[in-house]
Enquirer: 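What follows is a single structure, and I will ask about it in a moment.
Both counts, for ligands and for their atoms, begin at 1 and track the order of listing. FYI, side chains are in, hydrogens and waters are out, and symmetry mates aren't considered; it's all heavy atoms of this structure.
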Amino acid sequence: MAFDSLTDKLQNVFRKLRSKGTITEADVKEAMKEVKRALLEADVNFKVVKQFINSVSERAVGEEVLKGLNPGQMVIKIVKEEMDKLMGSETTELKLLPSNEITIVMMCGLQGAGKTTTVAKLAGKFKNKGKKPLLVACDVYRPAAIKQLEINGEKVGVPVFSMGDGHKPVNIAKAAIEHAAKNDINLVFLDTAGRLHVDEDMMNELAEIKENLNVTYTILTVDAMTGQDAVNVATSFNDKIGIDGVILTKLDGDTRGGAALSIKAVTGKPILYAGMGEKLTDLEQFYPDRMASRILG
Ligand code: GDP
């Protein structure tokens with residue numbers, strides 16, 4: 001299960017701290033060394049780890065903490081508070097425009113990250129909340145992706161707009177919005193094309209869609225299993241096209257958790273949802289505070 005190893009290691013550090021009646025600066029230092037190692041092994045971004053350890057250490061070696069009644073407990077509390085700061089303790093919801101306007105969500109990400117799956121999960125979720133969504137096939141490079149979106153759309157009962165692979169994505173998106181306006185649809189999800197790596201053509205294509213349409217949200221899908229890379233990908237997309245939030249997929253797998261812990265701190269953009277499986281209902285709202293508690297055990 002994701003995070004188990006990190007949680008075990010942190011629990012060990014906490015146990016040692018709790019067992020001591022008094023603690024010295026050296027004890028705090030030793031504990032921080034272990035926390036640092038555990039976070040790095042969990043693939044948390046190096047800069048994030050460094051900043052985190054510095055913040056905790058600065059607060060923990062103060063007189064009041066070390067001379068206090070329960071110093072070990074106090075240090076643990078500081079770790080928890082700093083973890084909340086790191087992950088952002090507020091849940092960010094995707095707020096849709098009023099029903100008489102069309103909310104446009106552009107979903108982007110690398111190939112295999114889980115875009116086509118996630119976009120269908122989201123559309124299904126909002127359909128169940130009474131919205132009228134439309135899925136749009138803008139991935140013109142892989143005919144299989146269009147087919148997959150059609151299959152997923154059918155499974156969640158959401159219509160799919162497609163023009164095959166003979167048009168530019170921006171023109172497909174424009175036509176889809178016209179179609180939406182005529183058909184009483186108020187939520188449009190653009191499933192864009194990914195590439196194997198961050199690539200200039202992909203970014204230009206996404207930028208062109210953003211320039212020509214009134215995109216409400218640009219959401220990035222990233223695969224939690226890719227660890228540090230997930231954070232680098234998020235940074236690249238944010239720098240090049242600007243993103244509003246991230247959906248972290250495959251958190252049901254054996255991820256070490258680094259991406260979940262680093263994305264907000266590195267990019268400043270929140271994680272909105274977590275993909276928890278291949279089924280189209282396996283999408284959960286992301287609660288950073290709950291995630292932080294789970295990691296800390
Ligand atoms: P895309 O290329 O970004 O559109 O990625 P896909 O939507 O085709 O997903 C790639 C693979 O990841 C598929 O086999 C999906 O079933 C799988 N997948 C997507 N999201 C999740 C998730 O949250 N958990 C798991 N376990 N698999 C997922």
Enquirer: Within ligand 1, which atoms have a heavy atom of Lys121 less than 4.0 Å away?
Expert: 23 (O)
Enquirer: So, regarding Thr118 and ligand 1 (criterion: nitrogen or oxygen to nitrogen or oxygen, under 3.5 Å), is there a contact or not?
Expert: no
Enquirer: On a heavy-atom basis, I'd like to know which of Glu284, Glu278, Lys279 is closest to atom 13 (C) of ligand 1.
Expert: Glu278
Enquirer: Does Gly277 come within less than 4.0 angstrom of ligand 1, counting non-hydrogen atoms of the residue?
Expert: yes
Enquirer: Considering residues, nucleotides and ligands other than Glu101, do more than 12 of their heavy atoms fall under 6.0 Å from its CD?
Expert: yes
Enquirer: How far is atom 7 (O) of ligand 1 from its nearest protein heavy atom, and which residue and atom is that?
Expert: Thr117 OG1, 2.5 Å
Enquirer: Check each heavy atom of Asp252 against ligand 1 and say whether those closer than 4.0 Å belong to the side chain, the backbone, both or neither.
Expert: side chain
Enquirer: Judged by non-hydrogen atoms, does Gly109 sit under 4.0 Å from ligand 1?
Expert: no
Enquirer: Show which atoms of ligand 1 fall inside a sub-4.0 Å distance from at least one heavy-atom site of Gly275.
Expert: 23 (O)
Enquirer: Kindly confirm or rule out an N or O of Leu251 lying under 3.5 angstrom from an N or O of ligand 1.
Expert: no
Enquirer: Salt bridge check, Glu200 against Lys240: does any charged N sit closer than 4.0 Å to a carboxylate O?
Expert: no
Enquirer: Check whether any side-chain N or O of Ser57 sits under 3.5 Å from a backbone N or O of Ile53 as a donor-acceptor pair, and report yes or no.
Expert: yes
Enquirer: Give the residue, atom name and distance (to 0.1 Å) of the protein heavy atom nearest atom 4 (O) of ligand 1.
Expert: Thr116 OG1, 2.7 Å
Enquirer: Pull out every atom of ligand 1 sitting under 4.0 Å from any heavy atom of Gln148, numbered as shown with elements.
Expert: 6 (P), 7 (O), 8 (O)
Enquirer: I'd like to know if Glu34 pairs up with Arg37 as an ion pair, taking the criterion as any Lys NZ or Arg NE/NH1/NH2 lying under 4.0 Å from an Asp or Glu carboxylate oxygen.
Expert: no
Enquirer: Does Thr249 reach ligand 1 with a nitrogen or oxygen that is under 3.5 Å from one of the ligand's nitrogen or oxygen atoms?
Expert: no
Enquirer: Can you name the atoms of ligand 1, numbered from 1 with element, that are less than 4.0 Å from a heavy atom of Met276?
Expert: 23 (O)
Enquirer: Indicate whether any N or O donor in one side chain lies under 3.5 Å from an N or O acceptor in the other, for Asn238 and Lys269.
Expert: yes
Enquirer: Check this for me - ligand 1, Gln111, N or O atoms closer than 3.5 angstrom, yes or no?
Expert: no
Enquirer: Could you tell me whether Lys132 and Asp184 make a salt bridge, using a distance below 4.0 angstrom between a side-chain N and a carboxylate O?
Expert: yes
Enquirer: Can Leu283 be reached from Val119 by stepping across I, L, V, M, F, W or Y side chains whose heavy atoms are under 4.5 Å apart?
Expert: yes
Enquirer: Check each of Lys115, Lys250, Arg195, Met107 against atom 12 (O) of ligand 1 and report the one with the nearest heavy atom.
Expert: Lys250
Enquirer: Heavy-atom contacts with Leu110 under 4.0 Å: which atoms of ligand 1 show up? List them by number with element.
Expert: 3 (O)
Enquirer: For atom 5 (O) of ligand 1, grab the closest protein heavy atom and report residue, atom and distance to one decimal in Å.
Expert: Gly114 N, 3.0 Å
Enquirer: Would you say the side-chain atoms of Thr92 pair up with the backbone N or O of Pro270, donor to acceptor, closer than 3.5 Å?
Expert: no
Enquirer: Is the NZ or CZ atom of Arg195 both under 6.0 Å from the centre of the six-membered ring of Tyr141 and within 45° of that ring's axis?
Expert: yes
Enquirer: Could you check whether Asp191 and Thr116, counting side-chain N and O atoms only, form a donor-acceptor pair closer than 3.5 Å?
Expert: yes
Enquirer: I need the contact type for Arg142 against ligand 1. Using non-hydrogen atoms and a strict under-4.0 Å cut-off, is it side chain, backbone, both or neither?
Expert: side chain
Enquirer: Does Gly112 reach ligand 1, in the sense of a heavy atom lying below 4.0 Å from it?
Expert: yes
Enquirer: What I'd like to find out is whether the side chain of Ile219 reaches to under 4.5 Å of the side chain of Leu94, using heavy atoms alone.
Expert: yes
Enquirer: Run the salt-bridge test on Glu205 and Lys168 with the 4.0 Å N-O cut-off and return the result as yes or no.
Expert: no
